[in-house]
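Data block below; observations after.
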Amino acid sequence: MTTPPATPPASAASARGQVERYDPGTLEARWQERWAADALYRTADHVPGKENWYALTMFPYTSGDLHVGHWFAMAPSDALVRFRRMQGYNVLFPMGFDAFGLPAENAAIKGGLHPQDWTYANVERMRGQLRRMGASFDWDREVITCAPDYYRWTQWWFTRLYRQGLAYRGEALVNWCPSCNTTLANEQVVDGRCERCDSVTDQRMMSQWFFRTTNYAEELLANQDLDWPEHVKLMQRNWIGRSEGAEVSFALEQPTASGVDEIRVFTTRPDTLFGVTFMVLAPEHPLVKQLTTPRRRKAVEEYVQAAARKTEIERQSTELAKTGVFTGAYCINRLTGDRVPVWVADYALATYGTGAVMGVPAHDQRDYDFAKQYRLKVKVVIAPNATRYRTRLAEAYIEPGVAVNSGPFDGMPNAEMKSAVAQHLAERGWGGPRITYRLRDWLISRQRYWGAPIPIVYCEDCGTVVVPDDQLPVELPYDVEFRPTGESPLALSEAFVHTTCPDCGKPARRETDTMDTFMCSSWYFMRYADARNPAEAFSKAGAEAWLPVDQYTGGSEHATMHLLYARFFYKFARDIGLVPGDEPFTRYFSQGQILGPDGRRMSKSRGNVVAPDDQVARWGADCFRAYLMFLGPWEQGGPYDVDGIVGVSRWLNRLWTLVVDPPARLADGLTSHSTTRQLRQAAHATLERVTEDLGRYRMNTMVAALMELTNTLQDIRATGEVDARAWDEAVELLVLMLAPSCPHIAEELWERTNHDYATTGSVHTQPWPAFDPALAAQDVVEIAVQVNGRVRDRLELPADADEATARAAAEALPRVAEHTANHEIIRVIYVPGRLLNIVVR
RNA sequence: GCCGGGGUGGCGAAACGGCAGACGUAGCGGGCUUAAACCCCGCGGCCCGCAAGGGCAUGUGGGUUCGACUCCCACCCCCGGCACCA
């Protein structure tokens, strides 16, 4: 079998003659080099006469490959940045790498490469891919979170939080991922599974480092004024989960051996306190062991152990019937003096409120179910009507009502009673008003290698000592056995563990856990403001120049993790006087998710991954960028249709040809020619649309508008004689409008239309053109003529025609007359430029 | 169950309460080509009709309006989040 030579036929001659073909590959590489050589995107902190604008798109994790999702977030962001620059802003648009984290270790274990070497190799590769995108990143401010000159400051943040009492070590029930062999923050457990690897997690009592995010719960909750997507703000508010209610103390009938004489509960229904018929402790509640009577011990221990064996998924399932065991102990409802049996049941959660629940079966469905299961008493204390009400219920009564069987509160509306009871309790020292959050403190300890070491030293004499600034960074040693065992790999490194106490100089041991990588990403956007600063995390001047971020772009999967942590960090930074404002991200845009061609999440196992490199190699970066913008609304995302991109490629080819091969007969002074008017109208109307669309992040319709103008120019070219000035103006506007989305071809065409890059500058440094409303307006418009709301004909009219003119012209149309004859015209509605509706009877 | 976001041609989509389907694809017909194409022209929701034209169409059913994809009410389906949080 013979194959033809690989060289394509040299002649690509079209009907229009020999025209140079659009060749994105070489053209894009050439301009990328040129821009880099000229440092076109280096951003100064201040430029006279220009306002600063900080645009940020989430930096990628160093997985090794940029995927379509990265492009989908970054390419439109870059277009908006370029647009804003042309509008006269001094724009900071930095890029970097989120480089610590488990995948590096997992890949290292699998492939035999050290996590650090794996990570830096990936940085190298991804940097190249990002450059190939043609985005206008300021690489001089690049950050790599695993570099000592970065994590030194991550550790510094820890020390500041520690000194402010916001970092603490505490014993708590924490989430554990048995596959990752490490603890996880609450935010990193999704439906009882590890957010990273999807393994089922369990809970363990461990001593770990936490940040007091709950100190800021109230402020984090107050996000409604942020210019963020509502659904993201809502996710955060749901996550924080504020509940208003009361804490109530119940006296133990028999104080425990250790002297505890009460059980405290949190309730949102203090109005039902008179209806308590049992008490429930979570299996992990510290009092369980102490108050269980000898006769009940065996049963309780068995139950507690069984609960511990269950996974979170099993524990949290609402479908399961309620289970529990009686402890044999009783407590006293101080308001009524009632003797209340104390049970253990796993529907009480150890990590919420006080870990104990008062059982009010008459007015809480869960308590009702539990009471039915174990035949416990049901006491009605809220009723729709104070005089007549049911005492036997088929389900809990949770509607509003008035108090009954509630002593001094009888007859009081229950809404009012909530605060009255809380008040009553407070006066007697039995509890009082209380607000509880679902949000937990942020667990930041990780029993893994590839992260920033926690800068803490344990000294026998001085106790827990924070590493002083001049001893940072606490360097992560390279030569460590990092296989995950559940114990921190750093504990195995004698050289790392053994140190001296910063306070007294005696031998001491280092903390061997590393920090959650979400810590690195909680402040990277601040570092960009002054990325090369060797003496500070960032300078005051840098912060004043750039913070807070004006526009942030990323996926909403980070709503309750990164975006929440970053807000926490920023508020802390504000409190210690480092940054201006209260919020890190003034505006946040959440782009949609790009799916595989089959409409499902892209994944290697499904084999539906579209590699951006392949798309770029085949179509060019400009084409791929524009196609991603053209697909649909940016916030929506959707399946990536590999066949659709050809339309964008055809468009760019036509546009190219149009500019490189202008109309055959260009003549001066044809200003009265109808095509001249049409040309100018189309160009200015498009400019109006594109300006509007870019301002509202509507990238898809922006590209469509450019396509339309291209089609119009092509039609006009075909008519023959065209006014040279009008043509040049239209082409110039088209190229300027193309610059944000397709920076390379725009630059090339800009140069080819008599603009010298060396003297007059890049197309990307040109001011955004202003459109002329008079030119953008149409002279003649086609309107629809309706009879009773149905279109019967169309009519061409001068744009400024009045109603009488329009009506006369419409009634003269035979197809209209047909429908109005023998009818009485009762009304005529005229919308200039749109339609005329004749209403008949 | 609760809270968001969506249902418009074969597909991706567009449409200040005012001509539904811009723009683009798939497909069909034609041109240029020995042949093709990431080239050019045309058609391109469904039904009836040779055509002119007419009817039906924006998840379903109501309503408001001269006029509804758009506003209101009820419901169905899909996607995302939360869910034994006391």
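In the text below, chain A, chain B and the rest are named by the order of the sequence lines, each starting its count at 1.
Comparing C73(B) with G5(B), their P atoms sit 14 Å apart, to the nearest whole Å. For the C1' atoms, the distance from A14(B) to A22(B) is 5 Å, rounded to whole Å. Comparing the same atom, C1', in G55(B) and in G6(B) gives a spacing of 31 Å after rounding to whole Å. Atom C1' of A20(B) sits at a distance of 8 Å from the matching atom of U8(B), rounded to the whole Å. The P atoms of C69(B) and U60(B) are separated by 11 Å, rounded to the nearest whole Å. Comparing A13(B) with G45(B), their C1' atoms are spaced 14 Å from each other, to the whole Å. Using P as the reference atom, A26(B) and G81(B) are 34 Å apart when rounded to the nearest Å. U25(B) and A35(B) have their P atoms separated by 25 Å, with the value rounded to a whole Å.
E230(A) comes within 4.0 angstrom of no nucleic acid atom, judged by non-hydrogen atoms across all strands. Residue-level contact check: P639(A) touches neither bases nor backbone, having no heavy atom under 4.0 Å from any strand. Backbone-only contact: N711(A) has heavy atoms under 4.0 Å from sugar-phosphate atoms and none from a base. Here A348(A) lies in heavy-atom contact (under 4.0 Å) with a base. F630(A) comes within 4.0 angstrom of a base, heavy atoms only. When heavy atoms are screened at a 4.0 angstrom cut-off, L631(A) is found touching the sugar-phosphate backbone but no base atom. When heavy atoms are screened at a 4.0 angstrom cut-off, V646(A) is found touching the sugar-phosphate backbone but no base atom. Among the heavy atoms of the strands lying under 4.0 Å from V357(A) is at least one base atom, whether or not backbone atoms are also near.
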Next item on the list: Run the numbers on R689(A) and E708(A) for salt bridge (Lys or Arg N to Asp or Glu O under 4.0 Å), then give the verdict.
Entry: CA-CA 11 Å; R689(A) 278 175 66 186; E708(A) 270 187 79; 3.1 Å; yes
Next item on the list: For salt bridge (Lys or Arg N to Asp or Glu O under 4.0 Å), just list the numbers for D23(A) and R21(A), CA-CA rounded to whole Å, side-chain angles, deciding distance to a tenth of an Å, and then say yes or no.
Entry: CA-CA 6 Å; D23(A) 175 15; R21(A) 295 281 309 235; over 6 Å; no
Next item on the list: Kindly determine whether E692(A) and R698(A) satisfy salt bridge (Lys or Arg N to Asp or Glu O under 4.0 Å), including the steps that lead there.
Entry: CA-CA 8 Å; E692(A) 159 96 10; R698(A) 299 170 58 141; over 6 Å; no
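Annotated as anti: G17(B), whose glycosidic dihedral deviates from 0 by more than 90°.
Sequence neighbours left out, the pairs with a member in residues 831-841 of chain A that pass side chain to side chain donor-acceptor pair (under 3.5 Å) are E824(A)-R841(A).
Among the nucleotides A86(B), A15(B), A13(B), the one closest to the side chain of Q636(A) is A13(B). The listed nucleotides are A15(B), G18(B), C82(B); the one nearest the side chain of T701(A) is A15(B). The side chain of W619(A) approaches C38(B) more closely than any other nucleotide in the set A22(B), G67(B), C38(B). Between A13(B), A86(B), C38(B), one nucleotide has an atom nearer to the side chain of P633(A) than all others, and that is A13(B).
Between W228(A) and F589(A), the gap from one ring centroid to the other reaches at least 6.0 Å. Ring centroid separation for the pair W343(A) and F370(A) comes in under the 6.0 Å cut-off. For F72(A) and Y640(A), the distance between ring centers is not under 6.0 angstrom.
Side chains of N175(A) and T201(A): a donor-acceptor N/O pair is absent below 3.5 angstrom, by distance only. Using modelled atom types, one finds a donor on one side chain and an acceptor on the other under 3.5 Å when comparing N223(A) with R237(A).
Every residue two or more places apart in sequence or in another chain was checked for a salt bridge (charged side-chain N to carboxylate O under 4.0 Å, His left out) with K418(A), and none qualifies.
Distances shown here put a side-chain N or O of R650(A) below 4.0 Å from the OP1 or OP2 atom of C39(B). In this model, the phosphate group of G54(B) is approached by a side-chain N or O of R792(A) to a distance below 4.0 Å at OP1 or OP2. Within the structure, every side-chain polar atom (N or O) of R21(A) is placed at least 4.0 Å from both OP1 and OP2 of A37(B). Under 4.0 angstrom from either OP1 or OP2 of A86(B) there lies at least one side-chain N or O belonging to S243(A). Side-chain nitrogen and oxygen atoms of R438(A) include at least one within less than 4.0 Å of the OP1 or OP2 phosphate oxygen of A83(B). The phosphate of G12(B) (OP1 or OP2) has no side-chain N or O of N700(A) nearer than 4.0 angstrom. Taking only side-chain nitrogens and oxygens, R815(A) comes nearer than 4.0 Å to OP1 or OP2 of G53(B). Between A86(B) and Q365(A), no contact under 4.0 Å exists linking OP1 or OP2 to a side-chain N or O.
Between the CZ atom of R790(A) and the C1' atom of G67(B) there is a distance of 12 Å, rounded to whole Å. Taking atom CG of L652(A) as the reference point, atom P of C39(B) lies 12 Å away to the nearest angstrom. Protein atom CD of Q593(A) is 14 Å distant from nucleotide atom C1' of G81(B), rounded to whole Å. In this structure, the CD atom of E187(A) is 16 Å from the P atom of G81(B), given to the nearest Å. Rounded to whole Å, atom C1' of A86(B) lies 18 Å from atom CH2 of W343(A). In this entry the distance linking CZ of R698(A) with P of C23(B) reads 16 Å, nearest Å. Rounded to an integer number of Å, the gap from CD1 of I594(A) to C1' of G12(B) is 11 Å. Between the P atom of C23(B) and the CG atom of D641(A) lies a distance of 19 Å, rounded to the nearest Å.
Note on R242(A) versus E244(A): salt bridge recorded, some NZ/NE/NH1/NH2 to OD/OE distance being below 4.0 Å.
Where T267(A) and M235(A) meet RNA chain B, the nucleotide closest to each residue was compared, and M235(A) sits on the side nearer the 5' end. Along RNA chain B, the nucleotide nearest D346(A) and the nucleotide nearest I829(A) are compared for position; the residue whose nucleotide lies closer to the 5' end is I829(A).
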Notebook entry, point to check: Could you spell out the base pairing of RNA chain B in dot-bracket, with Watson-Crick or G-U pairs whose two distances are under 3.5 Å, [ ] crossing and | to another strand?
Noted result: (((((((..(((.....[....))).(((((.......))))).((((....))))..(((((..]....))))))))))))....
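The base of C82(B) is not paired with the side chain of N238(A) by any donor and acceptor separated by under 3.5 Å.
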